[in-house]
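Comments concern the structure below.
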Amino acid sequence: MTAQPPGPARADASAIPPPAGAVPMTPILPPATGRAVPSVVPRGPVPMAPHRRWSLRARLIALVVATAAIALVAVDVVLPLVVRYTQVAAKDVTLAGVISTVSRGREVNANTLANLSSLTQLRGEIGWSAVSADGISVVLVPTVSNATANPQLDGTAWNGDSATVRDAADDNQRYLARGFPVEFGINQEPGYLVAWMPLDDVDQTFRRLVLVELLVTVGLLILLGATVGLVIRRELRPLETMATAADDIAAGDLSRRVEEVDPGTEIGRLGSALNGMLDGISSLLDDRSRSEDRLRQFVADASHELRTPVAAVRGYADLYGAGALEDGAAVDRAMQRMGFEARRMGALVEDLLTLIQADAERTAAHERVDLREMLSGVVDDAAVIDPTRTWRLAGVPGNAVVLGDRLRLHQLFANLLANVRTHTEEGTVATVSVLPGSEEIGVTVSDNGTGVSDVDLERLFDRFYRVDPSRSREKGGTGLGLSIVAAIVRAHGGRIMASHSAGGGLTMTVVLPRAMGTAAVDRPAHPAESTL
């Protein structure tokens, strides 16, 4: 026997009463091997297998069948009770009528009762018993269907009202009894005359009705379950198709779509919504792919543009470090070229920052901007910067007010005029026109220069795109001017288009939304100002 380890004595388990309602358990004793019982290492709770829930089809079928079963059971319970009550009430009315007839007669004997019981409408189904004052009952006239019937007429519950009594010899036999007080014999002893009718036909009708209802209920539930199962399976088939399509889409087939059904149903609306969502997701993925391609191309173009000036600066620095610049004139020339390349890199970086900021600005406009005043200043600036070209501003009828960032809009039209100044010959005529509309305002910048080809026209707003690849970077710019213009137009909720001018050259059309509502109402003109 293993020795008990030292320590405080443990209380006897039998002294602790079990909790109320607890099931007695047999203690598990250690094996009698003489060896020490290894300690039991407690483990965490055993994970239960996930409970498998019913499918939607099974739950719908169960719900319909359960609802129908409850309704049928209620009918099965109520209908037999109503039928039994009606039959018993009819028998009670018959007994009350017979007793009323007998109580009005002067002489009551067995022959009179037998004749009354054998009437055509009663068919001998009324029995008569006499009950003495001591409670002794004697059958005077038995029923035709059961000559041995003997109702047990204990008490007086049947006196003046109907009551259900049992047979004295057979507890399964029941009668509906109703009596009234009379006097019997020569001595005119008080007693009761009781009329009764067996309830066998009522009980048989009740049992047959319950059996028929049970069979009909079971049959209806089976038929209903099968029909509902077929209907629900057919109606839920589109959901199974959607689930299969969703699995295919999750597997990578983004072109898969669900089969659309009647959009007037819930499943049809779900299918249409799912297809719309998939179209939106596909469109977003395509946009993302195009954005990634544009970003990759943008990074490559920016790297290419920066590589040339960086290489030039590095080359001049290496020449200076190697002592290849022997005289001061060569050093000055190298420093001049390094400064030019540094300025060009700075201009490129500034254009990149401007383009990024313009792409990021998606918020609503900030202030009311009168395009008439702004364009007048932009045209005046262009004329001062380059007097070798002719700059015109066409008359602007009415007001031309938009909501936007005044600095960005100024940069927008300044870049368009700078594009004309950079890519046209001296003597070119540039015309700026404003075309106000009810909801939008159009601004065109056209010139009569050499223009561009149809192929170049489609790519004018691409980043780092130059119409003439051989054009010198010193004169051709960074290739980001029109990209910045397009980004600013998009940030203001507008659009820009390029087309050929009627007399040759290029026309840029900028369409901006007009300032609507009370913010677009011009302030009253000052008395010193003239209104147009």
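The analysis underlying the following values was restricted to heavy atoms, covering all of them including side chains, and did not include hydrogens, waters or symmetry mates. Remember, predicted model here, so these are calculated numbers, not experimental data.
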- Item | Atom pair CG (L239) and CD1 (I232), whose distance is rounded to the nearest 0.5 Å | 11.5 Å
- Query: Are the side chains of D167 and Y175 in touch, meaning some heavy atoms are under 4.5 Å apart?
  - Reply: yes
- Criterion side-chain contact (heavy atoms from CB on, under 4.5 Å) on V402 and L409, from CA distance to verdict: CA-CA 10 Å; V402 298; L409 291 176; 3.9 Å; yes
- Write down the atom of S137, the atom of L153, and the distance for their closest heavy-atom approach. CB-CD1, 4.2 Å
- Task: Would you check, one step at a time, whether the test side-chain contact (heavy atoms from CB on, under 4.5 Å) holds for V83 with T205?
- Result: CA-CA 9 Å; V83 171; T205 301; 4.3 Å; yes
- Query: Any chance CD of E439 has more than 12 other-residue heavy atoms, nucleotides or ligands included, within less than 6.0 Å?
  - Reply: no
- Query: Hey, are S282 and R257 close enough side-chain-wise for a donor-acceptor pair under 3.5 Å?
  - Reply: yes
- Query: OG of S283 to CZ of R290: how many Å apart, nearest 0.5 Å?
  - Reply: 6.5 Å
- Message: My understanding is that only one of I126, V202, V98 makes a side chain to side chain contact (heavy atoms under 4.5 Å, CB included) with M197; could you say which?
- Response: I126
- Can you tell if the side chain of I99 reaches within under 4.5 Å of the side chain of R178, non-hydrogen atoms only? yes
- Query: Taking the side chain as C-beta and beyond, is there a heavy-atom pair between S129 and V138 under 4.5 Å?
  - Reply: no
- Of F180, W128, W158, which meets ring-ring contact (aromatic ring centres under 6.0 Å, His included) against Y192? W158
- Greater than 12 external heavy atoms within 6.0 Å of R269's CZ: yes
- Can you find a heavy atom in the side chain of I496 that is under 4.5 Å from one in the side chain of V511? no
- Query: If only atom types and distance count, is the side chain of S289 paired as donor or acceptor with the main-chain N or O of L285 below 3.5 Å?
  - Reply: no
- Message: Could you go through L95 and L176, starting from their C-alpha distance and side-chain angles, then the distance that decides it, and tell me whether this counts as side-chain contact (heavy atoms from CB on, under 4.5 Å)?
- Response: CA-CA 9 Å; L95 291 179; L176 183 67; 4.0 Å; yes
- Task: Please confirm whether the backbone N or O of L403 pairs with a side-chain atom of H492, one donor and one acceptor, at under 3.5 Å?
- Result: no
- Taking D134 for the side chain and I136 for the main chain, is one N or O donor matched with an acceptor at less than 3.5 Å? no
- Begin with the C-alpha distance, continue with both residues' side-chain angles, and end with the deciding distance and a verdict on side-chain contact (heavy atoms from CB on, under 4.5 Å) for T507 and T509. CA-CA 6 Å; T507 298; T509 303; 4.0 Å; yes
- Shortest non-hydrogen contact from V182 to L193? CG2-N, 3.8 Å
- Item | Between T148 and N146, a side-chain donor and acceptor under 3.5 Å | yes
- S255 side chain to D253 side chain, donor-acceptor N/O pair below 3.5 angstrom: yes
- Looking only at heavy atoms, which two atoms of I61 and G225 are closest? And how far apart? CG2-O, 4.3 Å
- Working to the nearest 0.5 Å, report the span between CZ of R84 and CG of L79. 14.0 Å
- How close do D92 and S162 get, heavy atom to heavy atom, and via which atoms? OD1-CB, 3.1 Å
- Query: Mind checking whether V401 and R514 have side chains closer than 4.5 Å, heavy atoms only?
  - Reply: no
- Query: Do R408 and Q411 get their side chains close enough for a donor-acceptor pair, meaning under 3.5 Å?
  - Reply: yes
- Message: Name the residue from R174, Q87, R208 that meets the side chain to side chain donor-acceptor pair (under 3.5 Å) definition with D203.
- Response: R174
- Are a donor atom and an acceptor atom from the side chains of Q173 and D200 found within less than 3.5 Å of each other? yes
- Query: Under 4.5 Å between any side-chain heavy atoms of I441 and V434, yes or no?
  - Reply: yes
- Just how far is it from atom CE of M277 to atom CG of N275, taken to the nearest 0.5 Å? 9.0 Å
- Message: A side-chain contact here means heavy atoms from C-beta on lying under 4.5 Å apart; do L72 and L220 qualify?
- Response: yes
- Task: Apply the test salt bridge (Lys or Arg N to Asp or Glu O under 4.0 Å) to residues E240 and R233: give CA-CA distance (whole Å), side-chain angles for both, the deciding distance (0.1 Å), then the verdict.
- Result: CA-CA 10 Å; E240 297 178 355; R233 179 183 296 273; 5.2 Å; no
- What distance do L199 atom CG and K91 atom NZ have between them, rounded to the nearest 0.5 Å? 6.5 Å
- Closest non-hydrogen contact found for P80 with E213 is CG-OE1, 3.1 Å
- One should read off an interatomic distance between L412 CG and D405 CG, to the nearest 0.5 angstrom, of 11.0 Å
- Least distance between heavy atoms, R368 atom then R406 atom: O-NH2, 3.4 Å
- Is L371 close to V443 at the side-chain level, that is, under 4.5 Å between some pair of heavy atoms? yes
- Item | Expected output: side-chain R166 to main-chain D171 donor-acceptor under 3.5 Å | yes
